[in-house]
Amino acid sequence: MNFGRVNPAQTLDAQGITGLGEVHYNLIEPALVEAAVTRGEGRLGRGGAFLCSTGAFTGRSPKDKFVVRTPSVEDTIWWENNAPMDPAAFDRLHADMLEHMKGRTYFVQDLFAGADPELRLDVRMVTELAWHGLFIRHMLRRPERTELDSFVPEWTVINCPSFKADPARHGCRTDTVITLNFDKKLILIANTEYAGENKKSVFTLLNYILPGKGVMAMHCSANHAIGNTDDAAVFFGLSGTGKTTLSADPSRTLIGDDEHGWSDKGTFNFEGGCYAKTINLSPEAEPEIYATTSKFATVVENMVYNEETLELDFDDDSLTANTRCAYPLEYISNASATGMGGHPKNVIMLTCDAFGVLPPIARLTPAQAMYHFLSGFTSKVAGTERGVTEPQPTFSTCFGAPFMPRRPEVYGKLLQEKITSLGATCWLVNTGWTGGAYGTGKRMPIKATRALLTAALDGSLANVTFRKDPNFGFEVPTELHGVDSSLLDPRSTWADPAAYDAQAKKLVEMFANNFAQYVPYIDADVKAAAIG
Ligand SMILES: Nc1ncnc2c1ncn2[C@@H]1O[C@H](COP(=O)(O)OP(=O)(O)O)[C@@H](O)[C@H]1O
Ligand SMILES: C=C(OP(=O)(O)O)C(=O)O
């Protein structure tokens with residue numbers, strides 16, 4: 001065994017995981033890159049980035065996710081998105097995985113999940129792939145080397161892509177499984193190489209634990225004004241809607257790109273790194289993210305590259321449209337050193353509207369914000385979810401349904417309390433289509449989205465004229481210097497305004513049908529803000 005830095009009383013043997021071959025504890029980046037290359041998991045790219053392809057397993061599927069039906073969580077889990085698994089089936093899966101793991105090499109990373117020392121979770125990630133170890137070392141928060149001597153993992157995640165589950169024996173739906181057991185404080189991941197599962201499983205866990213402590217857990221990015229942590233903003237959004245792109249704003253300090261908590265003290269990142277989409281990434285529109293793809297140890301996942309020159313092809317989606325790079329936060333020049341900010345002054349909900357109906361930005365009342373938060377109207381974009389090859393309109397509650405194990409109203413009420421008591425301004429931002437639906441219109445120009453967000457965050461947008469939208473009831477700016485005014489009125493961007501009206505009417509009906517499920521659980525003001 002190769003004992004790297006680890007508390008000797010906390011080896012895997014001490015945790016009852018015995019019989020493995022080599023175990024590498026807490027290797028640092030150069031050693032992980034070397035191990036991954038030596039083991040043939042991928043190759044060194046430009047600048048020392050690590051290039052890997054995960055073949056068939058390039059995305060997530062909601063079918064893979066489970067929470068074990070234990071008495072401690074049964075009444076509080078939202079089974080719809082996290083299917084129940086029988087504890088006995090979990091035990092069989094655990095035993096079979098450990099048997100399969102015998103004699104094989106594993107990589108252990110002991111990490112913190114949560115920048116706030118009072119709320120963080122000490123997590124041990126056990127990965128079969130060296131590059132998964134590298135990925136999660138970028139993505140979670142790295143303890144100081146000295147802190148490892150006393151590190152005691154509270155939760156353990158075992159990720160073994162070479163193990164295939166058996167639905168009949170393990171109580172799952174396919175041979176891929178991601179399952180959380182709150183009694184055993186153990187997460188098992190099998191038969192997927194998608195690196196995103198490593199981070200999203202820990203996210204799901206925190207999304208369960210933190211609301212129990214009165215802390216709002218959010219699928220959002222966050223930043224704050226330079227030199228003023230109190231001027232913070234959060235950007236909710238399902239995968240591919242622009243959390244990473246829009247939070248990496250050179251005029252603001254980046255807190256994080258994907259997972260945050262909102263406590264009595266303010267905002268804090270769960271993570272220590274970013275996981276950006278790289279499909280069609282351009283150095284002009286996103287220079288900082290582009291630059292990370294050739295930095296040392298950045299994990300470049302599923303991108304096609306020239307075998308000789310190692311040049312990355314940003315436009316090639318032949319492996320998947322879910323091409324990614326994972327890098328530590330400090331690779332973005334103006335990232336926060338603490339991962340913490342004040343209470344958000346602005347709450348932004350990013351929606352990728354594939355119908356091309358919603359305006360590029362709208363101001364919401366707190367009740368409208370709650371309505372849109374619970375509705376979560378957006379699109380699944382190509383690639384992240386297996387089988388989704390073009391934008392697929394969806395209502396993903398809390399803008400992150402796959403990761404929210406409690407009932408949506410739990411998150412909704414926490415958010416509503418914070419928005420109303422702290423007086424945050426709320427916005428809905430369409431980063432999806434304009435000028436027509438997907439197929440006829442075009443994607444909202446990033447430049448326009450950025451200009452509108454800059455004006456919303458610096459307060460100047462509040463000074464322009466707003467109109468009330470006849471379909472959705474929210475307020476829409478009619479002009480902003482530097483943004484083509486016609487973009488602000490989506491109806492005028494369509495070649496056929498009558499077709500716009502018909503599509504808007506359909507969307508209003510979709511909102512109403514979807515929202516019926518929340519009506520029994522919500523307050524009168526949110527009911528009054530309902531559309532349709
Ligand atoms: N108007 C827009 N706003 C934000 N992103 C856009 C826009 N138009 C196109 N994009 C693209 O959409 C993708 C957004 O991905 P990303 O920011 O990683 O999403 P998330 O972090 O929410 O998963 C990027 O590839 C970005 O280039
Ligand atoms: C990593 C994912 O999402 P995001 O793009 O929001 O980070 C995911 O959904 O697998």
Side-chain angles (χ1 to χ4, degrees), residues 54 57-62 64-65 135-136 139 178 192 194-204 218-222 234-249 254 256-260 270-271 273-290 292 301-302 314-315 317 320-327 332 348-354 356 358 360-361 378-386 388 391 394 396 398-404 429-434 438 441-453 483 487:
T54 61
F57 303 105
T58 52
R60 162 168 55 71
S61 163
D64 305 339
K65 298 193 65 164
F135 170 86
I136 203 65
M139 293 309 304
I178 297 121
T192 172
Y194 178 44
E197 295 305 355
N198 291 290
K199 63 172 244 141
K200 290 296 194 192
S201 63
V202 177
F203 181 47
T204 308
M218 309 179 287
H219 191 213
C220 72
S221 56
V234 290
F235 307 72
F236 285 95
L238 196 64
S239 180
T241 56
K243 296 184 298 298
T244 308
T245 301
L246 300 168
S247 58
D249 171 347
L254 176 66
D257 80 326
D258 196 42
E259 310 173 0
H260 292 81
F270 294 171
E271 303 186 287
C274 300
Y275 191 35
K277 289 209 173 250
T278 51
I279 195 73
N280 305 134
L281 184 66
S282 87
E284 292 76 32
E286 300 177 61
E288 292 235 55
I289 297 175
Y290 187 89
T292 68
E301 186 177 349
N302 289 327
F314 288 86
D315 301 324
D317 63 359
T320 172
N322 192 21
T323 54
R324 297 271 187 169
C325 65
Y327 49 89
I332 299 291
I348 292 130
M349 297 179 194
L350 303 173
T351 171
C352 179
D353 173 16
L358 295 174
I361 195 163
T378 187
S379 296
K380 292 178 182 177
V381 303
T384 309
E385 193 170 308
R386 288 209 289 277
V388 176
T394 188
S396 184
C398 311
F399 296 100
F403 319 112
M404 298 311 198
V429 168
N430 175 15
T431 61
W433 270 257
T434 180
Y438 169 76
K442 61 173 175 113
R443 187 92 190 248
M444 193 69 72
I446 296 184
K447 217 171 149 208
T449 306
R450 279 198 198 281
L452 288 162
L453 279 172
V483 176
L487 263 188

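One-based numbering, in listed order, for ligands and for the atoms of each.
Within 4.0 Å of ligand 1, protein heavy atoms come from L238, S239, G240, T241, G242, K243, T244, T245, L246, K277, I279, E286, T431, R443, M444, P445, I446, T449.
Residue H219 has at least one heavy-atom neighbour below 4.0 Å for each of these atoms of ligand 2: 6 (O). Those atoms of ligand 2 that come under 4.0 Å of a heavy atom in Y275, given as number and element, are 1 (C). Annotation for ligand 2: atoms under 4.0 Å from non-hydrogen atoms of Y194 are 1 (C), 2 (C), 8 (C), 10 (O). Residue F403 approaches ligand 2 through these ligand atoms, each under 4.0 Å from one of its heavy atoms: 9 (O). Close approach of ligand 2 to K243 (heavy-atom distance below 4.0 Å) involves ligand atoms 6 (O). Counting the atoms of ligand 2 from 1 in the order shown, those under 4.0 Å from a heavy atom of D258 are 4 (P), 6 (O), 7 (O). Annotation for ligand 2: atoms under 4.0 Å from non-hydrogen atoms of T384 are 8 (C), 9 (O), 10 (O).
At a heavy-atom cutoff of 4.0 Å, ligand 2 is contacted by the side chain of R324 but not by its backbone. Here E385 has no heavy atoms under 4.0 Å from ligand 2, in either its backbone or its side chain. With a 4.0 Å cut-off on non-hydrogen atoms, K200 touches ligand 2 through its side chain and not its backbone.
Between F270 and F203, the two ring planes are tilted [angle within 30° to 60°].
Annotation: side-chain contact (heavy atoms from CB on, under 4.5 Å) contacts of Y327 (sequence neighbours excluded): T244, C274, A276, I289, T292, T298, C325, Y331, I332. The side-chain contact (heavy atoms from CB on, under 4.5 Å) check on K447 picks up nothing, with sequence neighbours excluded. Annotation: side-chain contact (heavy atoms from CB on, under 4.5 Å) contacts of K65 (sequence neighbours excluded): N82, T204, F403.
Here L281 contributes atom CG and T323 contributes atom OG1; the two are 8.5 Å apart, rounded to the nearest 0.5 Å.
Looking at S396 and K380, their side chains never bring a donor and an acceptor atom within 3.5 Å of each other.
A side-chain contact (heavy atoms from CB on, under 4.5 Å) with D258 is found for exactly one of K199, M218, M139, namely K199.
In terms of polar-atom proximity, K199 is not counted as a contact of ligand 2, lacking any N or O under 3.5 Å from an N or O of the ligand.
Nearest to atom 9 (O) of ligand 2 among the protein's heavy atoms is R60 NH2, 2.4 Å.
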